[in-house]
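Here's the structure we're looking at; comments come further down.
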Amino acid sequence: MEVTRANFKDSLSTVYSAIEEADFLAIDGEFSGISDGPNVSALTNGLDTPEERYMKLKKHSMDFLLFQFGLCAFKYDSTLSKYIIKAFNFYIFPKPFNRTSPDIKFICQSSSIDFLASQGFDFNKVFRHGIPYLNHEEEAQLREQTEERRNQQANGVGSNNFISPPKSVTCVPEEHKDFINMVVEKVEALFTNTEKTVELEPCTGFQRKLIYQTLNWKFPKGIHVETIETEKKERFIQICKVDDEERKRREQQKLEREQEELNDAVGFSRVIHAMAKSGKLVVGHNMLLDVMHTIHQFYCLLPEDLQDFKEVTKYVFPRILDTKLMASTQPFKDLITNTSLAELEKQLKGKPFKSPAVDAAEGFPSYDTAHDQLHEAGYDAYITGLCFISMANYLGTFLTPPKAHLSVRSKLIEPFINKLFLMRIIDIPYLNLTGPDLQPKRDHVLYVTFPKEWKTSDLFQLFSAFGNIQVSWLDDTSAFVSLSQTEQVQIAMNTSRYAESYRIQTYAEYMQGKQRDKDKTGQASSHSHWGEDSWLKPHYRPLGKRSISPVPAEQGAGETSITDGWTHYAQEDSTGRKKIKTDEMRAQTYAGVVDSKTSEGWLKTQPTSDSPAVSPEQDTDGESPEHTEPTNADEGMETWQQPPSKKGKNGRKNKKRMRASGRIEMVGKGATDFRKI
């Protein structure tokens with residue numbers, strides 16, 4: 001169903017019903033741009049921390065506009081064994097409520113606009129018929145202004161400009177006296193003839209103010225004064241001859257009309273409020289930007305601190321699932337070669353998956369996946385929902401007996417809840433909304449600063465003695481360089497101390513420097529506290545020290561084993577495949593599907609060095625922690641490698657290849673400049 005400003009009010013009850021009845025909701029957004037400056041490589045560096053990625057997106061993406069929002073409600077009909085869908089495609093634009101409302105400024109990115117235009121996107125519907133909206137703070141301010149106006153009118157003041165007139169003689173400037181006298185004459189004539197209404201010519205806001213002040217003083221009874229706005233945004237004053245009863249009735253009607261207009265101004269934000277209140281599972285694909293824009297535009301400005309962002313997100317979206325993350329981790333990782341939305345939908349049609357049975361509700365559009373309609377937000381939300389159902393139902397085949405339909409409340413889905421996929425980060429695959437984020441070891445990473453003229457090939461030549469490296473650009477004069485062996489870091493540090501054209505720091509030194517800079521600017525660790533009418537407080541459980549090593553023997557003393565929680569709740573069938581028992585006690589247990597050879601769960605993060613990283617959190621039942629394998633095959637990771645030289649693996653031989661000047665010997669051919677990719 002296409003929803004614009006023209007039919008939004010009439011459609012709202014249908015939207016509310018769809019949300020309330022749904023088993024889960026799928027969403028998608030279309031934006032006017034992605035980045036206001038940095039290219040994709042800089043905006044999504046492979047060694048960002050979750051805090052850095054959040055701050056980059058907040059700084060460089062939030063001035064764009066989310067102007068199409070797709071919502072698809074999925075409800076399972078057990079009698080038909082299929083999902084009934086209700087898809088909505090909302091066109092959104094921040095039309096000012098009145099002259100005191102926020103006048104939103106936003107930017108466009110030419111490549112994004114060109115791409116959407118090539119897909120047949122109707123920009124005219126956005127700008128002419130887009131649904132307005134107010135965030136939480138803007139709504140509160142306007143409601144306060146409305147209440148102030150109501151109090152003024154209760155005291156006999158009829159101003160539509162929130163200005164209290166004097167209770168004695170009004171002072172009219174000399175240049176406006178003839179105009180005001182003419183208005184007074186028209187009102188006096190109204191009392192002496194049979195006409196009941198007189199409409200004045202459009203005039204300025206200051207003149208309207210003088211009219212209200214003068215008429216309230218000269219005619220405290222017998223008339224009703226109201227400002228009318230034409231379709232061309234011109235404003236004029238209408239004066240009606242009324243008795244006391246009629247005047248009160250008209251004033252009440254005007255207040256009700258203003259209240260209705262205010263609700264209309266809140267607009268699309270009412271849909272987001274309904275989604276938050278429902279507590280339903282919300283599904284998206286690679287949805288971090290969708291979530292950030294939704295909160296930023298329709299609820300509140302994004303907080304400065306990542307932890308506060310997590311708290312706000314959990315309030316607006318209590319249960320959220322990212323199909324990009326789901327498809328990138330076990331047991332799907334080995335079965336799915338491309339996790340982009342279009343390709344994912346195609347792959348989930350084939351074995352071992354099965355396309356879900358769906359049907360559109362009466363009065364709603366029926367999408368045909370055989371004919372791509374990608375980049376219409378409603379269709380993309382629909383496709384996202386289909387992908388989730390296919391993957392969820394595949395998990396049902398691990399049960400004993402197998403289930404063709406898996407409930408969205410199943411414990412098998414819990415490992416993926418409230419985690420948002422982090423694109424192009426090598427060793428932190430997701431943002432954890434309900435606890436600490438992964439903290440992988442980066443002892444093999446160097447922070448390198450160099451002249452602006454340097455290219456990727458210069459960095460490869462600089463580190464040619466170390467074999468395989470990864471380069472992740474930060475800006476024109478700095479980059480991260482990941483070495484293949486942690487032992488090589490000290491060698492590189494020793495040989496760079498006398499260098500003049502470049503500087504090398506360890507990753508730990510780089511992060512310490514950033515923290516010092518942050519502390520100096522007063523942005524230290526304490527989180528802001530929300531007011532009475534704002535966000536719910538999280539209740540994190542303290543976590544013990546745990547290893548993510550897949551082999552228990554590799555754990556150090558005192559560390560808790562993170563072997564999967566399904567070990568005691570699974571058994572093999574005749575084919576050797578793990579089956580999950582469904583008795584009442586075991587169905588309550590939270591964990592991941594076990595690989596019969598490795599005993600590793602679905603969500604498993606491989607450490608980036610020999611040292612173990614910190615696992616993200618324990619599950620809701622305290623059985624098995626959740627981990628994710630990073631997947632970057634389809635993400636364009638800024639990774640370039642050279643074949644390792646025989647000497648490159650031996651630290652003592654590496655030293656012999658370094659010049660006395662401190663610069664590592666440049667050998668081999670240079671690589672393509674990342675910044676052009």
Side-chain angles (χ1 to χ4, degrees), residues 5-13 16 95-101 131-134 136 138-168 170 183-184 186-203 205-231 233-267 269-270 273 533:
R5 188 164 69 244
N7 66 339
F8 176 70
K9 190 185 302 184
D10 294 335
S11 303
L12 201 52
S13 61
Y16 287 162
K95 178 180 179 288
F97 169 63
N98 58 31
R99 296 188 181 186
T100 64
S101 300
I131 305 164
Y133 58 86
L134 296 173
H136 184 74
E138 293 164 350
E139 178 186 355
Q141 289 176 347
L142 281 180
R143 291 195 184 280
E144 184 178 343
Q145 290 176 347
T146 301
E147 184 64 26
E148 182 180 346
R149 175 187 296 181
R150 185 174 297 146
N151 292 335
Q152 289 176 346
Q153 291 174 339
N155 293 326
V157 178
S159 171
N160 275 338
N161 298 283
F162 308 112
I163 298 173
S164 300
K167 296 182 180 180
S168 57
T170 303
V183 171
V184 171
K186 287 188 176 184
V187 174
E188 289 174 341
L190 190 64
F191 284 100
T192 61
N193 56 40
T194 58
E195 294 180 359
K196 292 187 176 182
T197 303
V198 60
E199 294 181 351
L200 305 180
E201 293 294 323
C203 56
F206 182 69
Q207 288 175 321
R208 290 196 300 274
K209 168 190 169 182
L210 293 176
I211 291 172
Y212 273 104
Q213 290 179 343
T214 301
L215 297 185
N216 280 331
W217 169 58
K218 282 185 170 290
F219 307 97
K221 294 183 179 181
I223 63 171
H224 176 263
V225 184
E226 185 175 358
T227 297
I228 307 295
E229 185 176 286
T230 68
E231 292 183 358
K233 306 296 182 183
E234 292 181 331
R235 293 186 172 190
F236 65 90
I237 287 181
Q238 182 185 77
I239 305 168
C240 299
K241 185 168 56 178
V242 295
D243 55 24
D244 289 345
E245 182 92 11
E246 177 69 10
R247 177 171 180 170
K248 290 179 180 178
R249 188 182 67 82
R250 284 177 177 264
E251 289 293 342
Q252 183 61 34
Q253 286 179 341
K254 184 169 71 170
L255 290 175
E256 292 173 356
R257 189 163 57 250
E258 288 175 350
Q259 188 64 37
E260 185 178 359
E261 289 173 352
L262 179 55
N263 290 335
D264 292 343
V266 175
S269 297
R270 299 167 73 181
H273 295 170
D533 60 344

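Residue numbers start at 1 and run along the sequence shown.
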(request) Only counting residues at least two apart or in another chain, list the ones meeting side chain to side chain contact (heavy atoms under 4.5 Å, CB included) with Tyr16. (result) Leu12, Arg270, Ala274
(request) Name all residues meeting the side chain to side chain contact (heavy atoms under 4.5 Å, CB included) criterion together with Arg249; count only those two or more places apart in sequence or in a different chain, and write none if there are none. (result) Glu246, Gln253
(message) Under the rule for salt bridge (charged side-chain N to carboxylate O under 4.0 Å, His left out), what residues qualify as partners of Glu138, not counting sequence neighbours?
(response) none
(request) Report the residues that fulfil salt bridge (charged side-chain N to carboxylate O under 4.0 Å, His left out) with Glu201, sequence neighbours left out, ordered by chain and then residue number. (result) none
Spatial distance of atom [atom1] ([X]) from atom [atom2] ([Y]) [nearest 0.5 Å]:
X      : Y      : atom1 : atom2 : result
Ile239 : Glu226 : CD1   : CD    : 11.5 Å
Lys9   : Ile131 : NZ    : CD1   : 12.5 Å
Gln259 : Asp264 : CD    : CG    : 10.5 Å

Testing the basics here: between [X] and [Y], what is the closest heavy-atom pair and its distance to 0.1 Å?
X      : Y      : value
Ile223 : Val242 : C-CG2, 3.7 Å
Lys221 : Phe191 : O-CZ, 4.4 Å
Cys203 : Arg208 : O-NH1, 2.9 Å

(message) Applying side-chain hydrogen bond (donor to acceptor under 3.5 Å, both in side chains), can you list everything that pairs with Lys218, at least two apart in sequence or on another chain?
(response) none
(message) With side-chain hydrogen bond (donor to acceptor under 3.5 Å, both in side chains) as the rule and sequence neighbours excluded, what pairs involving residues 186-198 come up?
(response) none
(request) Check whether any side-chain heavy atom of Phe236 lies under 4.5 Å from a side-chain heavy atom of Leu200, and answer yes or no. (result) no
(message) Using a 3.5 Å distance criterion without hydrogens, assess whether the side chain of Ser269 forms a donor-acceptor pair with backbone atoms of Leu134.
(response) yes
(request) For a side chain to side chain contact (heavy atoms under 4.5 Å, CB included) with Val183, tell me which candidate from Ile237, Ile211, Thr214 qualifies. (result) Ile211
